[in-house]
Amino acid sequence: MDKPPDFQAQLKVLSQAYAAQLPEKLNQIEQSWIRFSHNDWDDEDFQVLHRMVHNLKGSGKIFGFAKLSDVALNLEESLNQIMQAKVAPSDEQRIRIQALLGELHHTSNAEMLRLEITGN
Amino acid sequence: MTEPLKRILYVEDEPDIQTVARLSLETLGGFTVEICSSGNDALSRAPAFQPQLILLDVMMPSMDGPSTLKMLRRLPQFASTPVVFMTAKVQPSEIAHYLQLGAVDVIPKPFDPMILSNQIQVIWERCHG
C-alpha cells in the first residue's frame, strides 16, 4: 500500500524540526554532563543526563539520524557503567565520555549537512 | 469477525517520539490515539479514554512500563486489555520476560513510523483470532 504523500511530507517536516532542535539538545546534554561530573555523585543529576542521552538514542534513528543514535547508544552504555558503580566517574571514564560528546556534535553536524545536500 | 481497533493509548515520555508515533498511528492507521507522558498519566486518563490496546514504553522516569502495566491490571476494565511494550531491549530473554509480565507483544525501538500501524494491526488481529 502506498503511503499517503501527505504522511511523507509531514514526516519530513517533523524530521526538519527535529534537526533544528539538535544543537540545543546536544548543548543541554553537555551542560548536564558538566554539572554531574563536577560534583560528587548526585542521583538526580545523573538521571537527568542519562534520560537525555537515552531519549536521543531512541529518537535519532526514527528521524533519520541513525549514526547519531549509535553514538548516543555508546554514550548511554558508558553512563550505565558509571551508574553501576554509583561513584564519581574515573578519569578514564571522563575522557571517554568527553570524546563521545564531541562525537555527538561531529556526527550531528555531518548528518545535518547530509540532509541539506540530499534534501531528505 | 474481529472487532476493529480504533482507540490506542500510547504511553511515552519523549515528546519527539510521541509526535511521530501519533502521526504514524493516526495518519496511516486511522486510529484515535491518546498520548500519556507517564505511567501515572496513563492510570489517570485511561478509564475515560477506554483504550482497546495500550502501547507502553518500558523505560520511563518515576514509573516504568512494567510497573505501569502492573497498576493498569489492577483496574478491572483493563484486566485483559492487550498491552504492547516498546523498547530497545529486545533480546529473546528480555522479550520472554515482558511477555511473562503480561504483554501480548514487544515492538523494538527505534520503531519504523512507516510500518508501526501495520505492526499494531497484526498484533490486534492475532489477539482476536
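Every chain is numbered from 1, with letters handed out A, B, ... down the list of sequences.
Each of L56(A), I62(A), N55(A) was scored for a side-chain contact (heavy atoms from CB on, under 4.5 Å) with E14(B), with one residue passing: N55(A).
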Inset, instruction - Could you walk me through whether K57(A) and K109(B) pass side-chain contact (heavy atoms from CB on, under 4.5 Å), step by step? - result: CA-CA 10 Å; K57(A) 177 196 78 176; K109(B) 283 177 83 173; over 6 Å; no
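The CZ atom of F7(A) sits 4.0 Å away from the CG atom of L28(B) when rounded to the nearest 0.5 Å. To the nearest 0.5 Å, atoms CE (M114(B)) and CD (Q8(A)) are separated by 4.0 Å. Distance check, rounded to the nearest 0.5 Å: NZ of K25(A) to CG of D16(B) gives 4.0 Å.
For D112(B), no part sits under 4.5 Å from any heavy atom of chain A, backbone or side chain. Contacts of L14(A) with chain B are made by side-chain atoms alone, with heavy-atom separations under 4.5 Å and no backbone atom involved.
The minimum heavy-atom distance linking M59(B) with R51(A) is given by the pair O-NH2, 3.4 Å. Of all non-hydrogen atoms in P110(B) and G58(A), the two that sit nearest each other are CB-O, 3.7 Å.
Side-chain contact check for P61(B) versus Q47(A): every heavy-atom pair is 4.5 Å or farther apart.
Within 6.0 Å of atom CG in D91(A), 12 or fewer heavy atoms from other residues, nucleotides or ligands are found, so the atom counts as exposed in its surroundings. In this structure, E24(A) places its CD atom where more than 12 heavy-atom neighbours from other residues, nucleotides or ligands lie under 6.0 Å away. The local environment of NE2 in H106(A) is sparse, with at most 12 non-hydrogen atoms from other residues, nucleotides or ligands closer than 6.0 Å.
W124(B) and I8(B) fall within a single hydrophobic cluster, where Ile, Leu, Val, Met, Phe, Trp and Tyr side chains are chained together by heavy-atom contacts under 4.5 Å. No path of Ile, Leu, Val, Met, Phe, Trp and Tyr side chains, each step under 4.5 Å between heavy atoms, connects V84(B) with V11(B), placing them in separate hydrophobic clusters. Under the 4.5 Å side-chain heavy-atom criterion for Ile, Leu, Val, Met, Phe, Trp and Tyr, V104(B) and I54(B) are members of distinct hydrophobic clusters. Hydrophobic clustering, with ILVMFWY side chains joined whenever heavy atoms are under 4.5 angstrom apart, groups M83(A) together with L49(A). By the criterion of side-chain heavy atoms lying less than 4.5 angstrom apart, applied directly or through intervening Ile, Leu, Val, Met, Phe, Trp or Tyr residues, L56(B) is grouped together with F78(B) in one hydrophobic cluster.
Of the residues considered (I17(B), L23(B), V20(B)), L23(B) shows the highest number of contacts with chain A, using heavy-atom pairs under 4.5 Å.
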